[in-house]
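Just so it is clear, the structure is predicted and the values come from calculations on it, not from any experiment. Residues: numbered from 1 along the sequence shown.
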Amino acid sequence: MNRLLRVGLDTLLTSVTPILGWFLLGMLVDKNLINIFTLIYPMQFVISAIQSVFGTGANVSAIKDENKSAVFSGILCGTTIGFIILGSVILNINGYIQFMNMEVTIYRTFAVYAVAQMFLQLLLNLSLYKLYYENKNKIANQYSLTFNLINFSSLILMSVITKDQTVIASVSFIITAIFTFWMICHIVEKEKFKINIWNCIKYDSSYLFAEISMFLIYLFGFRNSFNFGEKYILATSFATLITDTQWDVSGAIKTIAQIDIAKKEFSYKEHIKNSRKLVGLLILSSLVMGIVLYPIYQVDLVVTFIIVSVELITMYLYPSYLTRLTYIQLEYSAIKATVHKQIANILRIVSSFLATPFCTSIGLGLSAIYQLISTYYIVKKNGLNMEMKNRQEEKELIDD
């Protein structure tokens, strides 16, 4: 549970800091800036896809393939690809804003800043993954806390000093970028360039394609939902605001499972017990946030209740199918894990085009049900024993 909380803390800081930043910018500079969070929401899945291959995949490859250079090579590749993709979005930011049915003149400056900031977050996360797999969680916490404090404080301080959006965004980005590159120089050891891209994809393929699918789901799903009017835009933004950080933190469940499975130290019973404790805390925090923020947003209760209920029920079920899928991915069949995960994603993509403001919620519910059934079936049919820790201890006793 302690490791889950440490990894979750880093994700919490990276996730909640931008939310607080946009919230305060809306109060200090322009009330419309709170909508930046929703505007760029789909883009977070782009950097998650890059992290999947060059963060998770590269670190698992370093262990399973005994290729220490994979970590350095992964960070180098991830940085390059992230720069190209996010740089392209910045160059075409006007088109992106118009596609999301928002006003270019209002959001352009901070939309550029937000996407550029995502690049720095990508560099942070790639570096943190290296520390996680080296069991240096405390050091990872320190770097994550410092990064987010610098990012948040510089943004808000500049907003107090001046209302010029270009100056605020530029100074905050430069200060955070200086720290980020300093951090990388201290964490990343230079190695020869050697990486098996195929294995990096294979070790986390189900999640790689899931992140790509999530980009499409929210890009078109939010655009579809927003066509139904302000009531649904506000309810969707509110629901996302009080559950997004919790979903991000729950990703620690997968990270810890992958580390333990790769090292043959995994216990399903122990992991699922700790994961449910974590998710219980996350659900409670979502409810508290909802109660605290409702007087500010005054959202439609019925619409919001439906969206938030689906989110929280699915979050409660998440540890079960996520843990089983992670084990299937690494120890049984990466192909089967990827295929079944993609079927779940296709259900969500198709649902995103339904003529209803609840299209993304419907897709989330259908996806969760399918994954619960499919992962349970694969484990039971093939008699998979996910108590690796017990098997390893029994082997050591026999050897003695």
Side-chain angles (χ1 to χ4, degrees), residues 10-11 14-15 17-19 21-22 35-59 74-102 107-108 110-129 147 151 169 173 176-177 180 197 200-201 203-224 240 244-245 247-251 254-255 338 341-342 344-346 348-349 352 360 363-364 367:
D10 293 331
T11 310
T14 304
S15 179
T17 301
I19 293 175
W22 297 125
N35 294 324
I36 292 285
F37 177 71
T38 308
L39 173 64
I40 65 167
Y41 188 79
M43 295 305 303
Q44 69 174 303
F45 299 106
V46 174
I47 66 171
S48 294
I50 297 172
Q51 290 167 200
S52 174
V53 177
F54 300 109
T56 301
N59 278 278
I75 292 175
L76 187 61
C77 289
T79 301
T80 302
I81 293 174
F83 181 81
I84 294 172
I85 294 176
L86 296 176
S88 298
V89 174
I90 289 175
L91 292 175
N92 295 280
I93 198 67
N94 289 1
Y96 177 80
I97 295 172
Q98 290 171 347
F99 179 83
M100 295 298 286
N101 296 318
M102 292 190 177
Y107 299 107
R108 188 180 192 282
F110 274 106
V112 170
Y113 166 80
V115 176
Q117 195 68 22
M118 279 189 168
F119 175 68
L120 298 183
Q121 288 179 357
L122 171 63
L123 300 187
L124 170 70
N125 292 340
L126 290 173
S127 302
L128 294 182
Y129 271 96
F147 174 92
N151 177 26
F173 176 79
T176 309
T180 304
I197 300 294
C200 290
I201 293 174
Y203 292 140
D204 205 37
S205 58
S206 60
Y207 300 103
L208 166 63
F209 292 109
E211 299 299 344
I212 296 172
S213 298
M214 292 293 280
F215 170 72
L216 297 174
I217 288 163
Y218 283 103
L219 185 69
F220 292 103
F222 276 2
R223 190 169 186 265
N224 186 13
T240 303
D244 180 67
T245 295
W247 276 114
D248 288 343
V249 173
S250 68
K254 177 177 83 85
T255 301
T338 303
K341 182 65 176 175
Q342 278 307 103
N345 293 332
I346 290 171
R348 294 189 69 175
I349 293 173
S352 296
T360 53
L364 177 61
S367 170

Q: Please assess I47 against L86 for the test side-chain contact (heavy atoms from CB on, under 4.5 Å), listing each intermediate value before the final yes or no.
A: CA-CA 9 Å; I47 66 171; L86 296 176; 3.9 Å; yes
Q: For R348 and Y218, run side-chain contact (heavy atoms from CB on, under 4.5 Å): C-alpha distance rounded to whole Å, both residues' side-chain angles, the deciding distance at 0.1 Å, then the answer.
A: CA-CA 10 Å; R348 294 189 69 175; Y218 283 103; 3.2 Å; yes
Q: Please assess F54 against T79 for the test side-chain contact (heavy atoms from CB on, under 4.5 Å), listing each intermediate value before the final yes or no.
A: CA-CA 9 Å; F54 300 109; T79 301; over 6 Å; no
Q) Going through the distances and angles, do T255 and Y129 end up as a side-chain contact (heavy atoms from CB on, under 4.5 Å)? A) CA-CA 9 Å; T255 301; Y129 271 96; 4.1 Å; yes
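Within the 3.5 Å criterion, the main-chain N or O of F45 finds no donor-acceptor partner in the side chain of S48. Not one N or O on the side chain of D244 forms a donor-acceptor pair closer than 3.5 Å with the backbone of T240. Between the side chain of S127 and the backbone N or O of L123, at least one donor-acceptor pair lies under 3.5 Å.
Surrounding CZ of F99 are more than 12 heavy atoms belonging to other residues, nucleotides or ligands, all under 6.0 Å away.
Here the straight-line distance linking atom CD1 of I201 with atom OG1 of T56 works out to 13.0 Å at 0.5 Å rounding. Distance CD/Q117 to CE/M43: 14.0 Å, rounded to 0.5 Å. A distance of 9.5 Å separates OH of Y107 from CD1 of I97, quoted to the nearest 0.5 Å. Residue I93 holds its CD1 atom at 8.0 Å from CZ of R108, rounded to the nearest 0.5 Å. In this structure, the separation between CG on L124 and CD on Q51 is 9.0 Å, given to the nearest 0.5 Å.
In summary, of the residues considered (L122, L120, N151), a side-chain contact (heavy atoms from CB on, under 4.5 Å) with T180 occurs for L120 alone.
Contact check for S352 versus L216: no side-chain heavy atoms found under the 4.5 Å cut-off. In this structure, the side chains of Y96 and L219 come closer than 4.5 Å at one or more pairs of heavy atoms. At least one side-chain heavy atom of I50 sits less than 4.5 Å from a side-chain heavy atom of I85. Between F215 and Q44 there is no side-chain heavy-atom pair separated by less than 4.5 Å.
In terms of heavy-atom proximity, F110 sits nearest to A169 at CE2-CB, 4.2 Å. Residues S367 and A344 come closest through the heavy atom pair OG-CB, 3.5 Å. Nearest heavy atom pair, residue I40 against residue A114, reads CD1-CB, 3.4 Å.
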